[in-house]
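The chains referred to below are lettered A, B, ... by the order of the sequence lines, with proteins before strands, and numbering in each begins at 1. As the structure is a computational prediction, the values presented were derived from the model and not from experiment.
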Amino acid sequence: MSTDKIRVRFAPSPTGYLHVGGARTALFNWLFARHHNGVFILRIEDTDRLRNDDAMVRGILEGLQWLGLDYDEGPFHQSDYYEQHRAAAYQLLESGHAYRDFTPKEERSDENIKQQIAEAAARGPKVLNPYRNLSKAESDARAAQGEPYVIRFKVPEEGKTQFRDEVFGVQERDYKDIEDLVLLRSDGHPLYNLSVVCDDIMMGITHVIRGQDHLSNTHKQVLIYEALGKAVPVFAHLPLILAPSKGKLSKRKHGEIVSVTTYRDRGFIPDAFVNFLALLGWSPSSGEHADREIFSRAELVSLFSLEGIHKANAVFNFTEGDARNWTDQKALWMNHEYIKTIPMEKLFPMVKAELQQSGLWRDEYEDERRAWFEHTLTLLRERARTLHDFSSHGRPYFTDDFSFEFDEAAVKKNLQKDPALKELLPQLADAFVTLDEFTHDSTEALLRKFAEEKGVKAGLLINATRTALTGQAVGPGLFDVVAAIGKSRTVARLKHAAQLV
RNA sequence: GGCGCGUUGGUGUAACUGGUUAACACGCCGCCCUCUCAAGGCGGAGAGCACGGGUUCGAGUCCCGUACGCGCUACCA
């Protein structure tokens, strides 16, 4: 057993927001670190310092914070270590693992880069770089004269690289299939494969957990580790998260739906989203937990292992343009489960924030009306899929006026169904006024008796009252609603509703 | 073009080292409960495991091929 602490990192590039795939990568790293009592490091791969760093990083930080993925070290900025990366390139040059390439820079437009590469490759077999075996003396001389060059890694001609990926198994690749990659640009700027390796070495990273798109890059990085004489970390590559079209998730194409802050802003509970994300590409390997869906954060930490990571890409099944099912239905269901079951003391502040945002919050809910408030939440949470539902469906409970909406279909179905309601509702209101105890049981007894006397079905009055009080056709049991709304608002709303009949 | 990775119902996943009619969750449909909706309970439709071969008494599980998807192939990350 090694006593060394496990050290992992999440290394996003600063794109201005944390997308769902990145969040999942961060989560798996975090779970792994916490499970092993290790260290979780945040490193920003800001290769281009020209862009506004702070603004670009903020979205990522916000996302991580909301998800509750706290890092132990960082955030570090890759660009702060360019000197070390450069030094490493020259070290490799000295040791003969790399060489100067004086070939003039080939300009490529970013537009169709993939296509250009494919075409160039299709044109013919790879030829060895002419500067590969330039003598040290000549190379040094030309460099001394100021001739521009890049530093390329000298991939051996014979043999192959091998590493074991914890998810995908043993990976092999012939050296001849790996090009002499550029380590340092002609302007002295270090390139990705060099920088990650240097940073991971410097930060003592023991396990590299990242997206599968880096699986084939790993061979190059292994080569660099070996040339630098450093131990190779353990690698675990994660399957990708795809859009419903099975394509890559992209902000440009799919919009804000791929950003985790969207889930925060649309009323998700962080634990619910974390739970959902954890099950995208991972499951508790085998046995007793295989059939469960709901896992607390603590359970995820204790159950998480690299063995449970799936190999195939997962589809994140959101529906663009659907108001009700705007994101993956399972995520919505899970959020509902969390809203229903988390302890009141955890739900309370979340609903408070939601009501504050919609101008419905009153400080008395925290003191003298706390019991009433919490009871109302227990009524509403049963049906809430997001925190927004507390301010939309919940609005009639938290406002004294008629600022809540009357659903057209509900009015038609429950109020305009029977013209007699025009008379009955005000009479019912007057009857309610006489009640001293305004409770679930007393109001029910009164209403049922009233219905009997008037010779109408209780259901007629019950449904009409629901719509009169909440504007909706659906909701909690009516007498719970009546008791929660209270006597004076109930009376006022019944009379008001008579005008809608 | 080359190299690599993947492929279980609509979606997420399960199925110990090959062995009963492929399981669970979400979603969908129906019934029960009921003042509505939700929740809950019960039941149903939906994959024969991408396709085609092979090995085997027996394959989703092993082998080969094909298709499709994805990644890398850049002085991007």
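- Side chain of A:Phe168, nearest nucleotide from B:A77, B:C5, B:G71: B:C5.
- Here A:Phe438 and A:Phe432 bring their ring centres to under 6.0 angstrom of each other.
- Where A:Asn193 and A:Asp174 each meet RNA chain B at their nearest nucleotide, the meeting point lying more 5' is that of A:Asp174.
- Contact annotation: A:Arg152 side-chain N/O to B:C75 OP1/OP2 distance is under 4.0 Å.
- Among the heavy atoms of the strands lying under 4.0 Å from A:Val315 are primed sugar atoms or P, OP1, OP2 only; no base atom is included.
- Closest to the A:Lys220 side chain, of the nucleotides B:A38, B:U73, B:C70, is B:U73.
- Listed nucleotides B:G40, B:A74, B:C76 differ in distance to A:Glu179; the shortest reach to its side chain belongs to B:A74.
- Comparing A:Val170 and A:Ser13 by the nucleotide of RNA chain B that holds the closest heavy atom to each, the one mapping nearer the 5' end is A:Val170.
- When atom types are taken as modelled, the side chain of A:Arg132 and the backbone of A:Val155 share a donor-acceptor pair closer than 3.5 angstrom.
- Ring orientation note: the planes of A:Phe235 and A:His237 are close to parallel, at an angle under 30° on the 30°/60° scale.
- Considering only the side chain of A:Gln171, B:G4 comes nearest among B:C70, B:G4, B:A25.
- The side chain of A:Lys311 sits closest to B:G6 out of B:C5, B:C76, B:G6.
- In this structure, the CD atom of A:Gln329 is 17 Å from the P atom of B:U13, given to the nearest Å.
- Separation of the A:Tyr225 and A:Phe163 ring centroids does not fall under the 6.0 Å cut-off.
- Taking the six-membered ring for Trp and the full ring otherwise, the centers of A:Trp326 and A:Tyr263 sit less than 6.0 Å from each other.
- Nucleic acid contact class of A:Ala473 (heavy atoms, under 4.0 Å, all strands): base.
- Here the separation of B:G27 from B:C70, taken at their P atoms, is 29 Å to the nearest Å.
- Phosphate contact (OP1/OP2 of B:C76, side-chain N/O of A:Arg185, threshold under 4.0 Å): present.
- Judged purely by distance below 3.5 Å, without hydrogens or angles, the side chains of A:His388 and A:Glu354 pair a donor atom with an acceptor atom.
- Between the side chain of A:Thr218 and the backbone N or O of A:His214, at least one donor-acceptor pair lies under 3.5 Å.
- When the nucleotides B:U7, B:G71, B:G4 are ranked by their closest atom to the side chain of A:Leu240, B:G71 comes out on top.
- Among the protein residues, A:Lys248 comes within range of the sugar-phosphate backbone only, with heavy atoms under 4.0 Å from sugar or phosphate atoms but none that close to a base.
- For the C1' atom pair drawn from B:G58 and B:U20, the interatomic distance equals 12 Å after rounding to whole Å.
- Comparing B:C75, B:A25, B:A77 by their nearest atom to the side chain of A:Glu293 picks out B:A25.
- Using a 4.0 Å heavy-atom cutoff across all strands shown, A:Thr103 reaches at least one base atom of the nucleic acid.
- Tested against A:Phe479 for a side chain to side chain contact (heavy atoms under 4.5 Å, CB included), the candidates A:Leu447, A:Leu446, A:Thr465 yield a single pass: A:Leu447.
- Judged by the 6.0 Å distance and 45° axis criteria, A:Arg43 is not positioned over the aromatic ring of A:Phe76.
- Here B:A39 is the nucleotide among B:C70, B:A39, B:C3 with the atom lying nearest to any side-chain atom of A:His336.
- Atom P of nucleotide B:C24 and atom NZ of A:Lys330 are separated by 13 Å, given to the nearest angstrom.
- The residue A:Pro476 sits close to a base: some heavy atom pair falls under 4.0 Å.
- Nucleic acid contact for A:Gln472: none, since no nucleic acid atom lies under 4.0 Å from a heavy atom of the residue.
- B:C37 atom C1' lies 13 Å from atom NZ of A:Lys340, rounded to whole Å.
- For A:Ile462, the side-chain atoms get nearest to B:C35 when compared with the rest of B:U11, B:A77, B:C35.
- Contacts of A:His310 with the nucleic acid, taken as non-hydrogen atoms under 4.0 Å apart, involve only primed sugar atoms and P, OP1 or OP2.
- Spacing between atom CG of A:Leu183 and atom C1' of B:A74 amounts to 14 Å, rounded to whole angstrom units.
- Looking at heavy-atom distances under 4.0 Å, A:Gly477 makes contact with a base.
- Spacing between atom CG of A:Asn335 and atom C1' of B:G27 amounts to 17 Å, rounded to whole angstrom units.
- Atom P of nucleotide B:C3 and atom OH of A:Tyr175 are separated by 19 Å, given to the nearest angstrom.
- Within the structure, every side-chain polar atom (N or O) of A:Lys160 is placed at least 4.0 Å from both OP1 and OP2 of B:C3.
- Checking side-chain atoms of A:Thr467 against main-chain N and O of A:Gln472 turns up a donor-acceptor pair under 3.5 Å.
- Side chain of A:Glu382, nearest nucleotide from B:C75, B:A39, B:G6: B:A39.
- Counting atom types as modelled, A:Ser186 pairs a side-chain N or O with a base atom of B:C75 as donor and acceptor under 3.5 Å.
- Counting non-hydrogen atoms under 4.0 angstrom, A:Pro104 reaches a base of the nucleic acid.
- More than 90° away from 0 lies the glycosidic angle of B:G10, which makes this nucleotide anti.
- Within 4.0 Å (heavy atoms only), A:His219 reaches no atom of the nucleic acid at all.
- Across all strands shown, A:Leu280 has heavy atoms under 4.0 Å from sugar-phosphate atoms exclusively, and none from any base.
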Using Watson-Crick and G-U wobble pairs whose two distances are both under 3.5 Å, how do you write the pairing of RNA chain B as dot-bracket, with | for links to another strand? (((((((..((((.....[...)))).(((((.......))))).....(((((..]....))))))))))))....

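- Look at the P atom in both B:U8 and B:C49: the space between them is 12 Å, to the nearest Å.
- Side-chain atoms of A:Asp213 and base atoms of B:A77 include no donor and acceptor less than 3.5 Å apart.
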